[in-house]
> 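Let me begin by handing over the structure; questions about it come next.
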Amino acid sequence: MSDVPGTEGAFTLSDGTVLRYREAGAGPVLLMIPGWSQTAEQFKHQITGLSDKHHVIALDMRGHGASDKPDFGYRISRLAADVKELLDGLDLRGVSILGHSMGCSVIWSYHDLFGSHRLASLLLIDQMPVVAGNPAWSEEEKANYGPIFTPDSLYETINALAGPEGEATTRGFIGGMVTDAMTQETRNWMIDCNLRLPRRHAAALLLNHGGQDWRDAIARIQLPTLVVAGRSSLVPWTSCAWIHSQIPGAELEVFEEAEGGQHFMFIENPDKFNARVAAFLAR
């Protein structure tokens, strides 16, 4: 990650896996957790844009980016435990933790397992509470909970990822997560970042991610929370609004399509994104 801003750090977990991260700045800690198969590198605009007042840390989860790629542990609960080990090992306190996409599920699992241990606030970026929905749900339930897979289509995607068409499947999947305004160069960079997680591990993790239902865990959150959505994202913005409604005092920001309001608004419109995050952290 030599071309990524910040200083590289490393932390060895209890199972021997080495996690790597980028950090910059000083002050209250902002820990950023990327989404499924994404990397710390993709938070480069936040590392530079938010480190003037915060100690910003962007984490590569196990298997992702520059971190070790063991043949085990590709479950949301294990990733949440990894985060706890990191916070404890680095003795980070009063942490504002930002999760993008599946990174939100890691945060929900962490809070479910460990409560507010070492945490000060949550920033939940464009993730629905249920990834693979119940076919019996009403249209209102689908809008609230936001599933993008059925059980059958989840397995079809898993099998495609793990098979010989894994890279092509990835390119199509990521291509549906950005606005038409994103350049091809940026798209190619994002796909390159995504493919650093071996496809067999990506498939295993997506299967586990897709099998979770976080509705009851979200309803138990009492920490200050910012929820960010994209109006034209593949994640229905209505499901982010539902999350916002479940957390007392939570704030909601919806990026319109013209503002880069797809799944990666922090890449497409980093100026607005960073300003909104900074305002929340300064509350």
Side-chain angles (χ1 to χ4, degrees), residues 3-5 32-50 58 64-65 98-105 123-128 131-133 139 142-143 145-150 153-154 156-157 160-161 165-197 199 202 206 209-210 226-244 252-277:
D3 59 339
V4 185
M32 300 186 295
I33 303 176
W36 170 81
S37 207
Q38 313 299 333
T39 66
E41 179 177 336
Q42 289 168 273
F43 286 127
K44 62 183 181 180
H45 299 302
Q46 287 66 55
I47 296 172
T48 57
L50 294 168
H64 296 68
L98 180 155
H100 170 240
S101 193
M102 191 194 75
C104 294
S105 295
L123 298 91
L124 306 174
I125 315 302
D126 212 45
Q127 173 63 32
M128 69 287 282
V131 175
E139 292 305 311
K142 291 175 184 177
Y145 311 142
I148 58 172
F149 291 110
T150 64
S153 67
L154 176 63
E156 289 171 4
T157 302
L161 278 171
E165 298 302 314
E167 181 173 339
T169 300
T170 299
R171 291 184 179 278
F173 202 31
I174 300 303
M177 297 180 179
V178 299
T179 71
D180 292 340
M182 179 175 281
T183 67
Q184 191 61 50
E185 180 182 11
T186 301
R187 293 181 192 219
N188 290 341
W189 162 68
M190 289 173 58
I191 291 167
D192 175 68
C193 289
N194 193 279
L195 291 173
R196 293 174 198 169
L197 175 63
R199 293 301 83 186
L206 185 59
H209 176 42
L226 172 65
V227 182
V228 177
R231 187 78 67 182
S232 61
S233 176
L234 82 163
V235 175
W237 73 269
T238 50
S239 67
C240 295
W242 182 87
I243 292 168
H244 163 257
L252 175 66
E253 184 72 31
V254 180
F255 280 62
E256 302 300 332
E257 183 172 4
E259 299 175 310
Q262 243 280 16
H263 195 47
F264 289 90
M265 74 289 289
F266 60 94
I267 293 175
E268 297 210 46
N269 191 350
D271 290 343
K272 178 180 177 178
F273 183 87
N274 290 352
R276 187 64 181 86
V277 168

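Count residues from 1 along the sequence. Side chains are part of it too, since the values below use all heavy atoms of this structure and drop only hydrogens, waters and symmetry mates.
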> Identify the heavy atoms of A40 and I47 that sit nearest to each other, and give their distance.
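Closest heavy-atom pair between A40 and I47: O-CD1, 4.3 Å.
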
> Under a 4.5 Å cut-off applied to non-hydrogen side-chain atoms, are F273 and I125 in contact?
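Yes, close enough: below the 4.5 Å cut-off.
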
> Is there side-chain contact between I174 and R187, with at least one heavy-atom pair below 4.5 Å?
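Result no, sub-4.5 Å side-chain heavy-atom pair not found.
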
> From F255 CZ over to N269 CG, what is the distance, rounded to the nearest 0.5 angstrom?
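The CG atom of N269 is 5.5 Å from CZ of F255, to the nearest 0.5 Å.
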
> Calculate, to the nearest 0.5 Å, the distance between atoms CZ and CG belonging to R276 and L123 respectively.
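One finds 9.5 Å between CZ of R276 and CG of L123.
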
> Any idea which heavy atoms bring F266 and H263 closest together, and the distance?
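Taking every non-hydrogen atom into account, CE2-O, 4.4 Å.
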
> Is there a side-chain contact between V131 and M102 (heavy atoms, below 4.5 Å)?
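V131 does not reach M102 side chain to side chain.
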
> Taking side chain to side chain contact (heavy atoms under 4.5 Å, CB included) as the test, write out the residues that go with C104, two or more places apart.
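In terms of side chain to side chain contact (heavy atoms under 4.5 Å, CB included), with neighbours along the sequence ignored, C104 is linked to W108, L124, Q127.
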
> Run the salt bridge (charged side-chain N to carboxylate O under 4.0 Å, His left out) test against E185 and tell me which residues pass, sequence neighbours left out.
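Listed in chain order: nothing, the list is empty.
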
> I'd like to check the salt bridge (charged side-chain N to carboxylate O under 4.0 Å, His left out) partners of E167; sequence neighbours left out, ordered by chain and number.
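R171.
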
> What distance do W237 atom CH2 and H244 atom NE2 have between them, rounded to the nearest 0.5 Å?
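Between W237 CH2 and H244 NE2, I get 11.5 Å after rounding to 0.5 Å.
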
> Rounded to the nearest 0.5 Å, what separation is found between the CD1 atom of I191 and the CZ atom of R196?
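The CZ atom of R196 is 12.5 Å from CD1 of I191, to the nearest 0.5 Å.
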
> Sequence neighbours left out, what passes salt bridge (charged side-chain N to carboxylate O under 4.0 Å, His left out) with K44? Give chain and number order.
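Testing K44 for salt bridge (charged side-chain N to carboxylate O under 4.0 Å, His left out), a comparison that skips the adjacent residues, returns none.
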
> Distance-only, no hydrogens or angles: does the T169 side chain make a donor-acceptor pair with backbone N or O of E165 under 3.5 Å?
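Answer holds: yes.
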
> Would you give the length of the straight line joining atom CG of L161 to atom CG of L206, rounded to the nearest 0.5 angstrom?
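One finds 6.5 Å between CG of L161 and CG of L206.
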
> In the structure I gave you, are the side-chain heavy atoms of M182 and Q262 within less than 4.5 Å of one another anywhere?
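They are not in side-chain contact.
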
> Are any side-chain N or O atoms of S37 and backbone N or O atoms of N194, one a donor and one an acceptor, separated by less than 3.5 Å?
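Side chain of S37 to backbone of N194: a pair is present.
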
> Answer yes or no: is there a side-chain heavy-atom contact under 4.5 Å between P34 and E41?
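They are not in side-chain contact.
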
> Please find the pair of heavy atoms, one from S239 and one from M128, that lie closest to each other, and give the distance.
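So the two residues come closest at OG-CB, 3.5 Å.
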
> Q46 versus L98: any side-chain heavy-atom pair under 4.5 Å?
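No; the side chains remain at least 4.5 Å from each other.
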
> Please work out whether the ring planes of F264 and H100 are parallel, tilted or perpendicular, with thresholds of 30° and 60°.
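Tilted: the ring planes of F264 and H100 meet at 30° to 60°.
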
> Do you know the tightest heavy-atom contact between P147 and A132?
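Closest pair (atom of P147, atom of A132, distance): CB-C, 4.0 Å.
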
> Among pairs that include at least one residue of residues 260-275, which meet salt bridge (Lys or Arg N to Asp or Glu O under 4.0 Å), considering only residues two or more places apart or in two chains?
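Passing the test, one end in residues 260-275: E253-K272, E259-K272.
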
> Determine, stepwise, if the pair C240 / V235 fulfils side chain to side chain contact (heavy atoms under 4.5 Å, CB included).
CA-CA 8 Å; C240 295; V235 175; 4.2 Å; yes

> Any donor and acceptor pair, going by atom type alone, linking the side chain of R231 with main-chain N or O of A229 inside 3.5 Å?
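Checking the backbone N and O of A229 against the side chain of R231, no donor-acceptor pair under 3.5 Å is found.
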
> Tell me whether the count of non-hydrogen atoms from other residues, nucleotides or ligands lying under 6.0 Å of CD in E257 goes above 12.
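12 or below, so no.
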
> Assess whether side chain to side chain contact (heavy atoms under 4.5 Å, CB included) is satisfied between Q38 and F43, documenting all intermediate values.
CA-CA 10 Å; Q38 313 299 333; F43 286 127; over 6 Å; no

> Keeping the roles fixed (side chain from T39, backbone from C193), state whether a donor-acceptor pair exists under 3.5 Å.
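Between the backbone of C193 and the side chain of T39 there is no qualifying donor-acceptor contact (under 3.5 Å).
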
> Got a donor-acceptor contact below 3.5 angstrom from the W36 side chain to the S101 backbone?
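Checked: no pair found.
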
> Under a 4.5 Å cut-off applied to non-hydrogen side-chain atoms, are V228 and D126 in contact?
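The answer is no; the side chains never approach within 4.5 Å.
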
> At their closest point, which heavy atom of I148 faces which heavy atom of L234, and how far apart are they?
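Closest approach of I148 to L234, heavy atoms only: CG2-O, 3.3 Å.
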
> Suppose the criterion is salt bridge (Lys or Arg N to Asp or Glu O under 4.0 Å): which pairs have a residue in residues 233-242, not counting sequence neighbours?
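Passing the test, one end in residues 233-242: no pairs.
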
